[in-house]
Amino acid sequence: MDASEEPLPPVIYTMENKPIVTCAGDQNLFTSVYPTLSQQLPREPMEWRRSYGRAPKMIHLESNFVQFKEELLPKEGNKALLTFPFLHIYWTECCDTEVYKATVKDDLTKWQNVLKAHSSVDWLIVIVENDAKKKNKTNILPRTSIVDKIRNDFCNKQSDRRSLPLFSRCCSSLRMPWCSTTSWTPSSLSMWSTSGPGVSVPPGALDCWVFLSCLEVLQRIEGCCDRAQIDSNIAHTVGLWSYATEKLKSLGYLCGLVSEKGPNSEDLNRTVDLLAGLGAERPETANTAQSPYKKLKEALSSVEAFEKHYLDLSHATIEMYTSIGRIRSAKFVGKDLAEFYMRKKAPQKAEIYLQGALKNYLAEGWALPITHTRKQLAECQKHLGQIENYLQTSSLLASDHHLTEEERKHFCQEILDFASQPSDNPGHKIVLPMQSFAQLRDLHFDPSNAVVHVGGVLCIEITMYSQMPVPVHVEQIVVNVHFSIEKNSYRKTAEWLTKHKTSNGIINFPPETAPFPVSQNSLPALELYEMFERSPSDNSLNTTGIICRNVHMLLRRQESSSSLEMPSGVALEEGAHLLRCSHVTLEPGANQITFRTQAKEPGTYTLRQLCASVGSVWFVLPHIYPIVQYDVYSQEPQLHVEPLADSLLAGIPQKVKFTVTTGHYTIKNGDSLQLSNAEAMLILCQAESRAMVYSNTREQSSDAALRIQSSDKVTSISLPVAPAYHVIEFELEVLSLPSAPALGGESDMLGMAEPHRKHKDKQKTGHCMVTTDHKVSIDCPWSIYSTVIALTFSVPFRTTHALLSSGTRKYVQVCVQNLSELDFQLSDSYLVDTSDSTDLQLVPLNTQSQQPIYSKQSVFFVWELKWTEEPPPSLHCRFSVGFSPASEEQLSISLKPYTYEFKVENFFTLYNVKAEIFPPSGMEYCRTGSLCSLEVLITRLSDLLEVDKDEALTESDEHFSTKLMYEVVDNSSNWAVCGKSCGVISMPVAARATHRVHMEVMPLFAGYLPLPDVRLFKYLPHHSAHSSQLDADSWIENDSLSVDKHGDDQPDSSSLKSRGSVHSACSSEHKGLPMPRLQALPAGQVFNSSSGTQVLVIPSQDDHVLEVSVT
Amino acid sequence: MAVCIAVIAKENYPLYIRSTPTENELKFHYMVHTSLDVVDEKISAMGKALVDQRELYLGLLYPTEDYKVYGYVTNSKVKFVMVVDSSNTALRDNEIRSMFRKLHNSYTDVMCNPFYNPGDRIQSRWALLPVSASSPGGPYFLCPYPVQVGPTSCVRSSPGGPYSCVRSSPGEPYSLCPIQSRAFDNMVTSMMIQVC
């Protein structure tokens, strides 16, 4: 509505021409309220806001209520004031939505449309609640819903509605207790207090008016409700209380009632104006002892009265807010109260409200309110002289990014000013948490593994991020270190510490999220670690457990909520171990600070607290987390000797690494290692040996010459000069000499000093290398005791021998197998007869003098045995061959050849066995399925020899004979032997004596078939002499032998047996009887001249099946 | 047209709060914080009765002399609070409701951003660009929020104004202003300038 259209009544002091107000809707309702309305209305003073800067006036107004008729509405352009209806009211007491929808809404719409058609914009809808009517209906909605509906349907369509005070008066005069209480809120009131354009009121007049309105409404409510009702509706009325408090406060400030000195004359003038503007109290309350009007008048009359009323109201409001759980609102009113107290120079009363509010904002993480309240609190604490609290708040504010640079500097300066004051109590410290002053960002160890030996230097560089807006000079920065000795932990031994490195020696500290509140689920998780303590000697488990590493984080959270602003809880730890850095200027932002310390006692050092002192102010970080530790160790000097390769090989020079860990011992000039020489191990001295000297951390290194002197018994190695906690490394070449080999005999074994098999090599090589241990005793300069070191060498070769025959000619074959990973060059192979019989000659058939032998491969050597007279029964041989690693260039020393000794017995051929197969008579070839004849010819090649003299030898008439058993075996199942396959013969011991055996065999397959094997055994009589030889003889004469026992009933059995070994049958058939024994003839004594011979077998003609086996 | 829009976490700390720059920011922070009392009250009053229909819109929380404060609560108990000028009668219940719905959708998008950790403040990302190469160490970008990490330190010249960020030492790598949803910010901006 424009100002020009404002329907203000003319200046009439006696109401002769009353403004016309039309009434529509429920006429009965209006009639019922009309008497009261027409009486009460003129008594209310009304404010007349006048345009063009004229002062408003309070006037009393009467109205002429008429029934609404469309004719009453003025035509376009008609502005006749006296007949002009100024306001249109619609009355209804509808409280039922159904009725509303059915009739009232319609009616209202019609009414509105008529008004709209005549451009009448000033209207009012009054809803009257009727308690009696309400009770009749149970299902009606709350009163407010009709109000809301009407508001929704009609009010919002008006863009510039203004309620009128009339409404208020109606309510109060009609005594409608819950006349839409929900809308009794500041907004309803504020709408009324909004002045139209161009209308001005004296400052504070509106506040007075709102204050009065609020209190009047509240008083009405109190007047018509009982205590319980009021209490249950605090939520609805507390807004009015709060609003009234707020208005009274602003009136107090306006009228100079809140200042320390009291109001000045200008304030007093203003107060007088305001009081005058209030006018006279309304008659109905004028006589009561208490009324809002009186209250306001009194409150504005003096500083004391204002304080009393303001405090009453504030406390009542806070109490009400608290009682319904609106803590935030209560705190907010409390903050106003605190401001009031601060103005009244009563900071001790203000503090509790500021603390309360701040705690609330901190707990919920509202940064701007925190900053604002903290600023107020700082001022309060300063007035109260709470130095520590003030400094702490100041440090928080100085680091607060929500403040301007100037404000931050101011608070920082407050701290610095205090710190620079000469203290009347020297040594008194003000301890404040470091968090707001500076933050620890990261930490870097040098050496990076945070391990240092006794006497060593450790550097710790930290990054502190200063939160202060200006550079701050810090007298000293101190790290409190806790020292502990953990002797029993393996992890604290020098060996473990120097070998296990941390990632990079940098520890990062998570930035603390200061203004964030902590919800239950964002609490840090328990950091649990399993702990194992192992014995340093054998690494066995000593103790185990679980450690929580962030206990302080979890426990701190609980206390923090109660003492967020309190500097208490930070205690300076006093400890003997400190890292200190003096006179540091912390620039805003990141600063690097380096601590240097020389390690003294061995043990674990844990960095616990970080303190920075600025004058008497100490900023303390009570817990450094994550845990930061460094270790100091002391170490005994040690010597380690280990092969450079996986294993050492005997016979060739091998490198061995010596490691001297100096530990706390300093190697002086002249210190040497004294090695007592082992017999079969040489230490090869090279002209130029160098040793490397490292620091324990392997960061620095140098090399030095090594002097080695050897005498018969002792090798002396002069160590280079080295400081403590260094490592000296050098290599030496050693050579394990093959010790005198024992007689190998027929065994494959090599004769060595302490032969034993190494199982771990088994899978790798297939055969294991024979090893030998050498023990060396070393005297070290730091100890009176000798160190004994065992070195194990593996023999790279395995040697076997074999006797080969060709008729009566004899050969010795030696096989050398290289088991190692290396290739060797073999040279100068010899085989000598150690018994030195002149008669025997060993003729080498080996052509090459030099021969390579590759890894995992074998080389064979052959010699022919030649003799002129009778050969010796046994032969003692020594094989030797020179060898050197194939890859190596010229070796500095000549190597001893590899030797192998063995014995060969019974190598002279006594019997020649010759087998032949003939086709059946009349046939040209053998045929499958047809019997062929097998002729075996056994020939004695020599006369009686020494080797023949055994139990089987019998003598009669100066003729000697012995008993032999032959056996025909066909393991390849080519032949079926028909009839008996073995037999015992008596063989004359004389040269060229022969025995012929004939048997029938059947070829089972066609083709070139190898002949069945013919084996010879020596047939020894039963041991005991008493058992009659005759028995045995007669049994032998029987000749049908074992198989005949069931030969008759099982005709095929013999042929079946012939396929397998008859040996077992022959030897074990007659258990219990005195059994003759069979002894295999040594391979050298029997020569099978038909071995390798084949016989052509053709398929029988009626064979239609050709069996082909493919393998 | 809203004068202040706030998103408040389940734990009642502000995830996002922005007000018209012409007005005193602090006033709105207090106002929104205080309104949580009524939000809590309304949520607990809703109780089980309204579980079925799950009305998220809480309606008018409370009016002050100059403003109306409206509330809205998501299923995950994140609250939206909107402050509008009392004189703005154009904004009726339905408009407010639909504004909240838009805000909710936009907030859901923020939550869907894999780079957003639920519970973090919702902040817009500003690329850090040097003002000029010839001013090493000089102020070289503006950040709407204080940067507490990285090689920069930021100060604001006036309360509520932008932060000038300065490299603490030349040559260090650039860092980014704390993060996130540009779209959300734009959404809020549109609600604050939009005249319904």
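Computed from a predicted model, the values in this text were never measured in an experiment. To find a chain, count down the sequence lines: A is the first, B the second, and so on, and within it residues start at 1. In what follows, every heavy atom counts, from backbone to side chain, and hydrogens, waters and symmetry copies are set aside.
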Nearest heavy-atom neighbours spanning B:P14 and A:G365 =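 Nearest heavy atoms, B:P14 then A:G365: CD-O, 3.0 Å.
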State, to 0.1 Å, how close B:D37 and A:I327 come at their nearest heavy-atom pair, and which atoms those are.
->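 Smallest heavy-atom distance, with atoms named: OD1-N, 3.3 Å.
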Tell me, for A:K331 versus chain B, whether the close heavy atoms (under 4.5 Å) come from the side chain, the backbone, both or neither.
->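 For A:K331, there is no contact with chain B at all, as no heavy atom is under 4.5 Å.
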Is it the backbone or the side chain of A:S466 that comes under 4.5 Å from a heavy atom of chain B, or both, or neither?
->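 No part of A:S466 comes within 4.5 Å of chain B.
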Give a yes or no on whether the backbone of B:N12 and the side-chain of A:W366 come within a donor-acceptor separation of less than 3.5 Å.
->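 At least one qualifying donor-acceptor pair exists.
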From OG1 (A:T371) to CG (B:L26), nearest 0.5 Å |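 CG of B:L26 is found 8.5 Å from OG1 of A:T371.
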Rounded to the nearest 0.5 Å, what's the gap from CD on B:E65 to CD on A:E246? Could you check?
->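 Taking CD in B:E65 and CD in A:E246, the distance rounds to 6.5 Å.
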After noting the C-alpha distance and the side-chain angles of B:Y30 and A:Y361, does the key distance pass the ring pair (Phe, Tyr, Trp, His ring centres under 6.0 Å) rule?
-> CA-CA 10 Å; B:Y30 277 126; A:Y361 301 139; 5.6 Å; yes
Run the salt-bridge test on A:R328 and B:D40 with the 4.0 Å N-O cut-off and return the result as yes or no.
->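 The answer is yes: the pair qualifies as a salt bridge.
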Distance only, no hydrogens: is a donor on one side chain within 3.5 Å (strictly under) of an acceptor on the other, for B:Y62 and A:S329?
->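 The answer is no; no qualifying pair exists.
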Take atom CD of A:E319 as the centre, draw a 6.0 Å sphere, and report whether it contains more than 12 heavy atoms from other residues, nucleotides or ligands.
->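 Result for CD/A:E319: open.
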Do A:E364 and B:H33 have side chains that get closer than 4.5 Å, going by heavy atoms?
->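 A side-chain contact under 4.5 Å exists here.
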Student check: side-chain heavy atoms of A:H402 and B:E25 closer than 4.5 Å |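 A side-chain contact under 4.5 Å is absent here.
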